[in-house]
A.B. asks: 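Below: one structure in structure tokens.
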Amino acid sequence: MLKVFIAAFVFFLLAFAGMSLGYIIKRKSIQGSCGGLGSIGVEKVCDCPEPCDVRKKRMAREMARQVQLEKHRII
């Protein structure tokens, strides 16, 4: 039992060391896959029929910001 624990610990230690070495060399953080949930046809994270109040406020702020940007656009 102890041998399995030590082997698993060493394996994970080597995996973390490999990921950190890759970050140090490339200076590039770990990324998700391309597409995310949109690539499998899911348009939003939750299956709620209507967004929650916090999400509605955030969407309203984003829309107001877009309107202001369009209003004060130079070109």
Side-chain angles (χ1 to χ4, degrees):
M1 181 72 173
L2 186 62
K3 289 181 183 179
V4 173
F5 175 75
I6 292 173
F9 182 75
V10 169
F11 175 76
F12 282 108
L13 191 64
L14 288 173
F16 284 124
M19 288 190 292
S20 63
L21 184 63
Y23 175 76
I24 291 170
I25 291 173
K26 291 187 177 183
R27 292 285 184 210
K28 190 174 182 182
S29 62
I30 297 173
Q31 305 178 30
S33 62
C34 296
L37 291 175
S39 66
I40 60 172
V42 178
E43 293 183 14
K44 55 184 180 174
V45 177
C46 67
D47 291 333
C48 303
E50 189 174 319
C52 64
D53 293 335
V54 174
R55 175 79 179 192
K56 287 179 184 178
K57 288 178 185 177
R58 187 181 324 135
M59 290 169 52
R61 271 188 278 135
E62 290 173 2
M63 184 61 69
R65 183 175 183 271
Q66 287 297 327
V67 168
Q68 287 296 322
L69 287 174
E70 287 295 320
K71 181 180 176 183
H72 298 294
R73 195 170 81 182
I74 295 173
I75 296 177

A.B. asks: Linking directly or through intermediates, with side-chain heavy atoms under 4.5 Å: list the remaining ILVMFWY members grouped with Leu69, chain and number order.
C.D. replies: none
A.B. asks: Assigning hydrophobic clusters by single linkage (Ile, Leu, Val, Met, Phe, Trp, Tyr; side-chain heavy-atom cutoff under 4.5 Å), is Leu2 placed with Phe11?
C.D. replies: no
A.B. asks: Once the angle between the rings of Phe12 and Phe16 is folded into 0 to 90°, is it parallel (under 30°), tilted (30 to 60°) or perpendicular (over 60°)?
C.D. replies: tilted
A.B. asks: Identify, with sequence neighbours excluded, every residue that meets side chain to side chain contact (heavy atoms under 4.5 Å, CB included) alongside Val67.
C.D. replies: none
A.B. asks: Do the non-hydrogen side-chain atoms of Arg61 and Arg65 ever get within less than 4.5 Å of each other?
C.D. replies: no
A.B. asks: Using the side-chain contact (heavy atoms from CB on, under 4.5 Å) definition, which of the options Arg55, Lys56, Met63, Lys57 pairs with Met59?
C.D. replies: Arg55
A.B. asks: With Glu70 as reference, evaluate His72, Gln68, Arg73 under the side-chain contact (heavy atoms from CB on, under 4.5 Å) test and give the passing residue.
C.D. replies: Arg73
A.B. asks: Just jot down the side chain to side chain contact (heavy atoms under 4.5 Å, CB included) partners of Ile25, sequence neighbours excluded, or say none.
C.D. replies: Leu21
